Q: 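Let me give you the structure first, and then I'll get to my questions.
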Amino acid sequence: MISWRKHYKKGLIAIGLLFSTGASVYAQGDPQKGQELFKANCTACHALDKQLIGPALGGVVDRLKKEQNLDKDWLYKWIKDNKALRASGDKYANEVFEKFNKTEMLQFPNLTDADIDDILAYTSNPPKEEPAADANAAGTTANDKAAIEAEKARQLNSQIVIAALIAIAGLLIWLLIKIRQLVKLQQSPELAELDSTRITSFSAMYEKYSYVGKGLVGLLALFALYGVWNWLMWIGVYKGYAPEQPIYFSHKIHAGENKIDCQLCHSSAKYGKVSEIPSLNVCMNCHRTISEYKGKYLEPGKDREFYTGEIQKIYAHAGWDANKQAYTGKTEPVEWTRIHNMPDFVYFNHSQHVIAGEQAIINGFNAKQKDASNKIDVVCKACHGKIDTMNVVQMANNFTMGWCIECHRTTEVDMNNGYNKEYFKNLHEKLKKQYGEGSKITVDAIGGLECGKCHY
Ligand code: HEC
Ligand code: HEC
Ligand code: HEC
Ligand code: HEC
Ligand code: HEC
Ligand code: HEC
C-alpha cells in the first residue's frame, strides 16, 4: 500500500514535470505579442523560414532541444547577451558564432524572460493570418484568386456575347432562307396555275408570316444592338482596370516616396511608339544593393517583410544569388500583365506626345490643375493620372476615341517648339490666316481629328 502511494506520488511528479516542460517548450508566451517583439527587434537579421543574416528561427526551440540538447535557459542567456555567453566558454554559442563567420548578433538585455517566451512562442506557433514570404512567392494569395475569378468572369462575359452573336447570325440566315423560299415559290410557274382562292389564302398566310417575321426581326435587332453595345463598352473602356502583377511593384514607393523619374524606367516613352515595361536589368541596377525594404511608408495591411519578399522575387527571376553576390545564369522573365492596350487598328505614338506635344500637354494640364505637388512628370500624368500615388497601376482614363479627340480639340499646339516650328512653317501662316491672328490653334487644326492619323 505504502509503496503504491510512493509510486503514485512519483508518478504525479513525473506527470507534473512532463507537463511543465511541455508547456515551457510550446505553450508559454503569447505568439501575438511575440510577433510584435520579433518584428521590432529581430527581423533585421532573422526570418522564420529562411536564413538572412542569422539563421532561420522557425521552430528554433525544438531544433536546439533536439540537436544540441539546449533548453530555454540557454536561449534566455543567448538572446539577452550572446557575447557574455560566448565569453563564458559555452560550446554551442561559440560554434554557431563561428558558423556564421563571426557575425555579431545584437544584445538584448532589456528583454525579460517573459518577452523572450513570447518571441519563442511566436517562432513555434506563428499566427496563421500573416502569410510568410514564401507563401507569397508561391503566388497563391487571396488577391490572385480574386484576379483569376475576375478574369474568368470576363471570359464568360465574352463567351456569352459571342454565343449571342452566333445565335443572331444563325437566325438571320434561317430567315433569309425562308424569305428566299417564299420568293421562289411566288415566281414558280405552278403558282400561276393556282386558282384565286389559293392565292388569297397564300397571301393571307404571307401577311401573317411577315407580321411574325417583322416582330422577330425587331427582336433580333434589339438583341444585336445590345450585343454590339456590350462589345463596344467592353473593348475600349477599362478605366480602373488594375490586374495583379507577378511582383508587387509599387509606383507609390518608387515614383512617389523615392522620387524616381518615370523616364528612368520607361525610357523609351520619349523615343519610341511604345514606352515599355523596364527589363530586369533596370531593376537590378538598384536592387543589387537594395535587398530589403526599410522604407517608412507601409501600405495598410502590408509589412516590411512582405516588401522584402517581393524584392527577393526579382532575384529569383534575374538569377541573382544574394549570398554569393553573383548571377547563377538561371533567369526567368517576369510576365507583367499589360494594362493599357489599344486595339490593333489604332496608332498611338508616345514620342509624338512626350516630345512634340510635351509643352502643349503640360500647359493644358496645368491650366486645369491647381495642385503644385503635381508638377513632376506632368506630361505622363496628363494621360495616366497620378501614377506616383498608386500602389497598383490603374487606368486613370477611359482611353477611348472620344478621350483622344476631346484633348485634341481643346489643347493648344505649341507652335514654338523646334519640331513644330520647322514642320509647320508654312502651315502656320495659313492657319493664322484661316483662324485669325492670335487665335488658338488646337491639335485638331493640324490634323488631329483626321481618321487616318489615328487609324491604320
Ligand atoms: C544584427 C543582427 C541580429 C539581430 C538583430 C538578431 N540576431 Fe539572432 N543571430 C544573429 C546571428 C548572426 C546569429 C548566428 C550566430 C552568430 O553569428 O552570432 C544569430 C543567432 C541567433 C540564435 C541562435 C539560432 C541557432 O540556430 O543557433 C537565436 C535563437 C537568435 N539569434 C535569436 C534572436 C532573437 C530572438 C532576436 C531578436 C530579439 C535576434 N536574434 C536578433 C544576428 C542577429
Ligand atoms: C485622335 C485619334 C483618333 C482619331 C482622329 C480617330 N479615331 Fe477612331 N479611334 C481612336 C481610338 C483610340 C479608338 C479605340 C477606342 C477604344 O478602344 O475604345 C478608336 C476606335 C474607332 C472605332 C471602333 C469603335 C469604337 O468606338 O471603339 C471606329 C469605327 C473608329 N475609331 C472610326 C474613326 C473614324 C471614322 C475617324 C475619322 C472621322 C476616327 N475614328 C478618328 C482614335 C481616333
Ligand atoms: C522603378 C521603375 C519604374 C518607375 C520609376 C516608374 N515605373 Fe511605371 N512601371 C514599372 C513597372 C515594373 C511596371 C509594370 C508593373 C505594373 O504595372 O505596376 C510599370 C507599369 C506602368 C504603367 C502601366 C503599363 C501597362 O501595362 O499598361 C504605366 C502607365 C506606368 N508604369 C507609368 C509610369 C509613370 C507615369 C511613372 C512616373 C510617375 C512611372 N511609371 C514610373 C516601372 C516603373
Ligand atoms: C532607381 C532605383 C530603383 C530601380 C531602378 C528599381 N527600384 Fe525597386 N526600390 C527602390 C527603392 C529605393 C525601394 C525602397 C527601398 C526602401 O525604402 O527600403 C524599392 C523597393 C522595391 C520593392 C518593395 C516595395 C514595392 O514596391 O513593393 C519592390 C518589390 C521593388 N522595389 C521592385 C522593383 C522592380 C521589379 C524593379 C524593376 C522594374 C525596380 N524595383 C527598380 C529603387 C529602385
Ligand atoms: C497623350 C497621352 C499619353 C501621354 C502624355 C503618355 N502616355 Fe503612356 N500611354 C498612353 C496610351 C494611349 C497608351 C496605350 C498605348 C497602346 O496600347 O498602344 C499608353 C501606354 C503606356 C505604357 C504601357 C506600355 C506601352 O507603351 O503601351 C506605359 C509604360 C506608359 N504609357 C508610360 C508613360 C510615361 C512614362 C509617360 C510620360 C513620359 C507617358 N506614358 C505619357 C497615353 C499617354
Ligand atoms: C492630353 C492631351 C492629349 C491626349 C489625351 C491625346 N493627345 Fe494626341 N496629341 C496631343 C497634342 C498636344 C498633339 C500635338 C503634338 C504636336 O505638337 O505635334 C497630339 C498629336 C497627335 C497626333 C499627331 C497629329 C498630327 O497631325 O501630326 C496623333 C496621331 C495623336 N495625337 C494620336 C492620339 C491618340 C490615338 C490618342 C488617344 C489614344 C491621343 N492622341 C490622345 C495631345 C493629346
Side-chain angles (χ1 to χ4, degrees), residues 236 238 241-256 258-270 272-280 282-283 285-287 314 334 336-344 346-365 368 376-417 419-421 423-424 427 441-455:
Y238 288 109
Y241 178 51
E244 175 113 338
Q245 297 288 7
I247 296 178
Y248 191 84
F249 175 89
S250 161
H251 277 80
K252 181 170 169 60
I253 289 175
H254 288 86
N258 288 292
K259 305 259 175 288
I260 302 171
D261 194 304
C262 311
Q263 296 192 38
L264 187 99
C265 289
H266 302 291
S267 55
S268 47
K270 225 178 177 119
K273 184 168 138 18
V274 295
S275 67
E276 287 175 0
I277 306 305
S279 72
L280 281 166
V282 176
C283 312
N285 283 343
C286 294
H287 282 287
I314 306 175
V334 183
W336 301 107
T337 302
R338 183 98 186 244
I339 300 162
H340 300 74
N341 209 349
M342 285 283 154
D344 286 343
V346 176
Y347 174 81
F348 176 82
N349 188 321
H350 264 100
S351 71
Q352 217 159 32
H353 292 88
V354 177
I355 297 185
E358 183 175 21
Q359 202 50 49
I361 290 176
I362 290 177
N363 293 341
F365 187 66
K368 293 183 229 147
I376 326 162
D377 299 316
V378 180
V379 67
C380 314
K381 283 179 189 160
C383 293
H384 291 295
K386 296 183 179 177
I387 295 267
D388 59 338
T389 63
M390 298 180 196
N391 281 305
V392 176
V393 176
Q394 270 196 16
M395 283 184 74
N397 282 300
N398 278 332
F399 289 78
T400 54
M401 180 162 138
W403 171 72
C404 313
I405 302 271
E406 168 68 20
C407 183
H408 286 184
R409 278 227 178 91
T410 54
T411 306
E412 203 173 344
V413 181
D414 173 25
M415 282 297 181
N416 294 322
N417 73 26
Y419 174 83
N420 284 340
K421 219 173 187 164
Y423 194 74
F424 292 121
L427 182 69
I441 295 169
T442 44
V443 183
D444 52 348
I446 62 166
L449 301 188
E450 284 165 24
C451 317
K453 288 271 171 70
C454 301
H455 293 294

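Just the heavy atoms: all of them, side chains too, but no hydrogens, waters or symmetry mates, feed the values below. Keep in mind it's a predicted model, so treat the numbers as computed, not measured. For ligands, and for the atoms within them, numbers begin at 1 and follow the listed sequence.
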Q: Atom 16 (C) of ligand 3: which protein heavy atom is closest, and how many Å away?
A: Gln245 NE2, 3.7 Å
Q: At their closest point, which heavy atom of Asn397 faces which heavy atom of Trp403, and how far apart are they?
A: CG-NE1, 3.4 Å
Q: N/O to N/O below 3.5 Å, does that happen between His408 and ligand 6?
A: yes
Q: Show me which atoms of ligand 6 lie under 4.0 Å from any heavy atom of Cys454.
A: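 Numbered from 1, ligand 6 contributes 32 (C), 35 (C).
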Q: Provide the number and element of each atom of ligand 3 under 4.0 Å from a heavy atom of Cys380.
A: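 Reading through ligand 3 atom by atom, the close ones are 35 (C).
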Q: Could you tell me whether some N/O pair between Asp414 and ligand 6 is separated by less than 3.5 angstrom?
A: no
Q: Checking His353 now: which residues fulfil ring-ring contact (aromatic ring centres under 6.0 Å, His included) with it, not counting sequence neighbours?
A: Phe348
Q: Considering only heavy atoms of Gln263, which atoms of ligand 5 have at least one such atom less than 4.0 Å away?
A: 38 (C)
Q: Any side-chain heavy atom of His455 within less than 4.5 Å of one from Val346?
A: yes
Q: Who gets closest to atom 27 (O) of ligand 6 by heavy atom: Gln359, His455, Lys453, His350?
A: Lys453
Q: Can a non-hydrogen atom of Asp261 be found less than 4.0 Å from any atom of ligand 3?
A: yes
Q: In ligand 6, which numbered atoms sit nearer than 4.0 Å to a non-hydrogen atom of Tyr347?
A: 35 (C)
Q: Got an N/O contact under 3.5 Å between Asp388 and ligand 3?
A: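 For ligand 3, there is no N or O atom that lies under 3.5 Å from one belonging to Asp388.
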Q: Quick check on contacts: which atoms of ligand 6 are under 4.0 angstrom from a heavy atom of Phe348?
A: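 With Phe348 as reference, the close atoms of ligand 6 come out as 33 (C), 34 (C), 35 (C), 36 (C), 38 (C), 39 (C).
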Q: To the nearest 0.5 Å, how far apart are CD in Glu358 and CG in Asp414?
A: 9.5 Å
Q: So which of the N, O or S atoms of His353 lies nearest atom 8 (Fe) of ligand 6?
A: NE2
Q: With heavy atoms only and a cut-off of under 4.0 Å, state how His384 meets ligand 3: side chain, backbone, both or neither.
A: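 The part of His384 near ligand 3 is the side chain, not the backbone.
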Q: Identify, by atom number and element, the atoms of ligand 6 in contact range of Cys407, meaning under 4.0 Å from any of its heavy atoms.
A: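 Those qualifying, in numeric order: 1 (C), 2 (C), 3 (C), 4 (C), 5 (C), 42 (C), 43 (C).
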Q: Atom SG of Cys262 and atom CD1 of Ile387: how far apart are they, to the nearest 0.5 Å?
A: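 If we round to the nearest 0.5 Å, Cys262:SG and Ile387:CD1 are 8.0 Å apart.
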Q: Please report which non-hydrogen protein atom sits nearest to atom 15 (C) of ligand 3, along with the residue it belongs to and the distance in Å to one decimal place.
A: Trp336 CE3, 3.3 Å
Q: What's the shortest distance from atom 25 (C) of ligand 3 to any protein heavy atom, and which residue and atom give it?
A: Ile339 N, 3.4 Å
Q: What pairs with Thr389 under side chain to side chain contact (heavy atoms under 4.5 Å, CB included), at least two apart in sequence or on another chain?
A: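 Expected list: Lys386.
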Q: Give the minimum heavy-atom separation between Ile446 and Val413, together with the two atoms involved.
A: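 Closest pair (atom of Ile446, atom of Val413, distance): CD1-CG2, 4.0 Å.
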Q: Looking at side-chain heavy atoms only, is the closest gap between Phe399 and Asn341 below 4.5 Å?
A: no
Q: For atom 8 (Fe) of ligand 3, report each protein N, O or S atom nearer than 2.8 Å, sorted by chain and then by residue number.
A: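 Less than 2.8 Å away from atom 8 (Fe) of ligand 3 sit His251 NE2, His266 NE2.
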Q: Checking side-chain polar atoms at under 3.5 Å, does His340 have a donor or acceptor matched by the opposite partner on His384?
A: yes
Q: Could a heavy atom of Trp403 be found less than 4.0 Å from some atom of ligand 6?
A: yes
Q: Can you give me the closest heavy-atom contact between Val334 and Pro246, atom names plus distance?
A: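 Closest approach of Val334 to Pro246, heavy atoms only: CG1-CG, 3.4 Å.
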Q: Measuring from non-hydrogen atoms of Arg338 to any atom of ligand 5, is the shortest distance under 4.0 Å?
A: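 Yes, that is the case, since the closest heavy atom of the residue is under 4.0 Å from the ligand.
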Q: Provide the closest heavy-atom pair for Lys453 versus Gly447 in the form atom of the first, atom of the second, distance.
A: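 Scanning both residues, the minimum pair turns out to be CG-O, 3.3 Å.
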Q: Check whether any side-chain N or O of Asp261 sits under 3.5 Å from a backbone N or O of Gln263 as a donor-acceptor pair, and report yes or no.
A: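 Present.
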Q: So, for Ala396 and Cys383, which heavy atoms are closest and what is the spacing to 0.1 Å?
A: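 Smallest heavy-atom distance, with atoms named: CB-O, 4.5 Å.
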Q: Using a strict 4.0 Å cut-off to heavy atoms of His340, name the atoms of ligand 5 that fall inside it.
A: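 Going through ligand 5 atom by atom, the ones under 4.0 Å from His340 are 14 (C), 17 (O), 20 (C).
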Q: Taking only heavy atoms of Met342 into account, list the atoms of ligand 6 that are under 4.0 Å away from them.
A: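 Counting from 1, the qualifying ligand atoms are 38 (C).
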Q: May I ask you to test the Arg409-Thr442 pair for a side-chain heavy-atom distance under 4.5 Å?
A: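 Of all side-chain heavy-atom pairs linking Thr442 with Arg409, none is under 4.5 Å.
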Q: List every atom of ligand 6 that sits less than 4.0 Å from any heavy atom of Val413, numbering the atoms from 1 in the order shown and giving each element.
A: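 Those atoms are 17 (O).
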Q: What are the atoms of ligand 6, with element, lying closer than 4.0 Å to any heavy atom of Ala360?
A: 12 (C)
Q: Does any non-hydrogen side-chain atom of Gln245 lie less than 4.5 Å from one of Ile339?
A: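 Yes, at least one pair of side-chain atoms sits under 4.5 Å.
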Q: Can you sort out which atoms of ligand 6 are near Gly357, meaning under 4.0 Å from one of its heavy atoms?
A: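 So the answer, numbered in order with elements, is 15 (C).
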Q: Mind checking ring-ring contact (aromatic ring centres under 6.0 Å, His included) for His408 and listing every partner two or more places apart, or none if nothing turns up?
A: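 Checked His408 against ring-ring contact (aromatic ring centres under 6.0 Å, His included); zero matches.
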Q: Please report the interatomic distance OH(Tyr248) to CD1(Ile253), rounded to the nearest 0.5 Å.
A: 8.0 Å
Q: Short list, please: which atoms of ligand 3 are under 4.0 Å from a heavy atom of Ile260?
A: 5 (C)
Q: How close do Ser250 and Asn391 get, counting heavy atoms only, and between which atoms?
A: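 What the structure gives for the nearest pair is OG-OD1, 2.8 Å.
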